Amino acid sequence: MANTPTIFDAEFFANAANARAWPFEEAKKIVKRLEKSPKDEVLFQTGYGPSGLPHIGTFGEVARTSMVRTAFRLLTGDKIPSKIICFSDDMDGFRKVPTNVPNQERMAEYLGMPLTKVPDPFSDEYPSFAHHNNARLQKFLDDFGFEYEFVSSTDYYTSGVLDKALLRMLEVYDDVMKVILPTLGEERQKTYSPFLPLCPRTGKVLQVPMIARDVEAGTVTYIDPETNEEVTVPVTGGAVKCQWKADWALRWYALGIDYEMSGKDLIDSVRLSSRIVRAMGGTPPESLSYELFLDEKGQKISKSKGNGLSMEDWLTYASPESLALFMYQKPKTAKKLYFDVIPKAVDEFYAFSKAAEKQTPAELLENPATHIAGEFPPAHELPISFALLLNLVSAANAEDSDVLWGFISRYAPDATPETHPELDRLVGYAIRYFNDFVKPTKEFRAATEQEAKAMAELAARLDEVEDATDAEAIQTLVFEVGKKYEFEPLRNWFKALYQVLLGQDQGPRFGSFVALYGVEETKALIAKGLAGELL
RNA sequence: GUGCCCGUAGCUCAGCUGGUAGAGCAUCCGACUUUUAAUCGGACGGUCGAAGGUUCGAAUCCUUCCGGGCACACCA
């Protein structure tokens, strides 16, 4: 999924200007911006809050931002350097001990401290909780091959990278307040400050009003809420950090961010932060508000609720590429993100990849697979679709890949795990899907007296079949037994086999099933079924 | 209240810069199967939420309205 240079050639550059895919529409906004004020390097930003772990939304945002960047490089002939900054707001105060971490009491002692001062509850491998989560984020992004530059807010504040911007914010303090105050409630207005000093005594991030400020000296003064003493601190060097919307604006201004997308719940924040940047004399980045994801009931997916689908969920049943495809599609439309969208995304990914084989550069630029891969997509040939595979795994009661491959080879005789590693990967996904979604819905019933007798005889006579892999011979035997015990109509006999042995009303052709599942295994299965062990 | 998204076949949705609608699933019929499922072929099925407007021509652009969903304190 990394951006590789493959599509960055003249042919693609020539066609990019006419490309209509949304990443190009976004990239064009940046091109226009550059026409007004040229610069040496274009910066994309995505934000990350290290009080939690990376999640499916993080993936979506970085993936989509990468797509815009790729489009931008194509539009500009890859002549203008660009990068994605992944900014971790790790100086933010520690507000709440997450319920899912160990060492709760110890963690509680650090409430109010910057996240980079809170110890890592999981191990002593990292200097802080934030470092731990930052590392997880980077690992997460690296695993998918994203190109980005990680930035720690704490590093930037303390090393002075943000000093100039902080002093500027101090200069225009009144204007900034004028922008923010009207958006706050009455209570909050009294205590609001865009600067949050770090208490020199306790190290905590304080939410206190400023009582004075000195632009010349570059300091602010507040009253320590515990000692009631006046404290004066510089706004530079990491002695203060900025509050949320001001912080966003500060970053945009200080780093010169050109592009940042965010969820639609942040529309007002973007507007406000933009006004702050203008008050400082800067230009806010181009932005895109994407729609939020909904769960199966149409509710907003939130980390705290734990509803909807997690990153792990998706990757358990499907590939990251298919998730990237899902993220590519219609970012401005609210979509359900639930298990049932997975098969379609998987199959469409392969369909788009395959279509790419015969496409011209102009067409490729409209092909989602191009935007996902960031390169000429490798053409994966799949003899059967994921949707079919899911049907198969369910019908065949296939709990391991060998059995499933047996059934697959009936449809695609040439396919093996070796010749079709992609398909083999899907087989793994399908089996997990089966285990988690199909298997729990199975309902086994006890055999009737007549059925029990017939099944016992079937089990006993299975050994008569000379070739245990001869599906036809086995099918004949099954058929004979059914006739002998006078099932009428005969399909009831087969139905009984499925219901008693597989816990479902339908199943694969039984002869084929036995041939693949194994004679001994089938006998054992029948024994279990008759003993009531499957119920 | 402000803003965003959606409203196209029974269901889930695709329809790009305007030229009288498509897919998957479901349903029905057929083929192949010594049951079923699967697979393959075919059929059925839409006044494109409503009304105006622009246009030779609109699902597609504009306006208004109706219906559904979501976001908008604090915190990030």
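Order of the sequence lines fixes the chain letters, A, B, ..., with proteins taken first and strands second; residue numbering starts at 1 for each chain. Keep in mind it's a predicted model, so treat the numbers as computed, not measured.
Judged by distance alone, the side chains of A/Glu61 and A/Tyr290 do bring a donor and an acceptor atom under 3.5 Å apart. Checking A/Trp405 against A/Asp424 by side-chain atom types alone, a donor-acceptor pair falls below 3.5 Å. Side-chain contact of A/Asp90 with A/Thr154: a donor-acceptor pair under 3.5 Å is present, judged by distance alone.
A gap of 34 Å separates the C1' atoms of B/rG7 and B/rG41, to the nearest Å. Taking atom P on both nucleotides, B/rG15 is separated from B/rC72 by 28 Å, rounded to a whole Å. Separating the P atom of B/rU64 from that of B/rC5 is a span of 14 Å, rounded to the nearest Å. When the P atom is used for both B/rA59 and B/rA51, the distance is 12 Å, rounded to whole Å. Comparing B/rA23 with B/rA14, their P atoms are spaced 16 Å from each other, to the whole Å. Using atom P as the reference point in both B/rC65 and B/rU55, the two lie 23 Å apart (nearest Å). Here, B/rG19 and B/rC62 have their P atoms 15 Å apart, quoted to the whole Å. Comparing the C1' positions of B/rC4 and B/rC40 gives an interatomic distance of 45 Å, to the nearest angstrom.
What separates NE2 of A/His371 from C1' of B/rC16 is a distance of 12 Å, to the nearest Å. Rounding to whole angstrom units, OH of residue A/Tyr290 and P of B/rC5 are separated by 16 Å. Rounded to whole Å, the distance from OH on A/Tyr328 to C1' on B/rC16 is 10 Å. Following rounding to the nearest Å, A/Gln329 (CD) and B/rU12 (C1') show an atom-to-atom distance of 13 Å. When the P atom of B/rC25 is taken as reference, atom CG of A/Asp347 falls 11 Å away, rounded to whole Å. The distance from atom CG of A/Leu292 to atom P of B/rA71 is 7 Å, rounded to the nearest whole Å. For A/Met455 and B/rU35, the CE to P distance is 18 Å, given to the nearest whole Å. Between A/Glu480 atom CD and B/rU35 atom P the separation is 15 Å, expressed in whole Å.
In the set B/rU34, B/rC5, B/rC74, B/rU34 carries the atom at the smallest distance from any side-chain atom of A/Thr476. Picking from B/rC4, B/rC75, B/rA14 the nucleotide with the shortest atom distance to the side chain of A/Gln207 gives B/rC75. Comparing B/rA71, B/rC72, B/rA14 by their closest approach to the side chain of A/Lys264 singles out B/rA71. Residue A/Arg188 places its side chain closer to B/rC75 than to any other of B/rC72, B/rC75, B/rG15. Of the candidate nucleotides B/rC5, B/rG3, B/rC70, B/rG3 has the atom nearest to the side chain of A/Ile267.
Judged by Watson-Crick or G-U wobble contacts below 3.5 Å, the nucleotide B/rC61 has B/rG53 as its partner. Checking B/rU17 for Watson-Crick or G-U wobble geometry (two distances, each under 3.5 Å) identifies no partner in any strand. B/rA23 is paired with B/rU12 under the Watson-Crick or G-U wobble criterion, all donor-acceptor distances under 3.5 Å. Across all strands shown, B/rC4 forms a Watson-Crick or G-U wobble pair with B/rG69, both key distances being under 3.5 Å. Pair assignment for B/rC28: B/rG42, on the basis of Watson-Crick or G-U wobble contacts that are both within less than 3.5 Å.
Comparing A/Lys344 and A/Lys245, the nucleotide of RNA chain B nearest to each residue sits closer to the 5' end for A/Lys344. Between A/Asp92 and A/Glu291, the residue whose closest nucleotide on RNA chain B is further toward the 5' end is A/Glu291.
Among the atoms of the strands shown, none is found under 4.0 Å from any heavy atom of A/Ser51. No engagement by A/Leu497 is indicated, since no non-hydrogen atom pair under 4.0 Å with the nucleic acid exists.
Taking the centre and axis of the six-membered ring of A/Phe326, the NZ or CZ atom of A/Lys335 falls inside the cone set by 45° and 6.0 Å.
Proximity of A/Thr65 to A/Tyr148: side-chain heavy atoms (C-beta onward) are nowhere separated by under 4.5 Å.
In this structure, A/Glu480 pairs ionically with A/Arg461, as a charged nitrogen and a carboxylate oxygen lie closer than 4.0 Å.
Other residues, nucleotides and ligands place more than 12 heavy atoms under 6.0 Å from the NZ atom of A/Lys29.
Taking side-chain N and O atoms only, A/Lys330 has a distance below 4.0 Å to OP1 or OP2 of B/rA14. Side-chain N/O atoms of A/Thr333 include one lying less than 4.0 angstrom from OP1 or OP2 on B/rC6.
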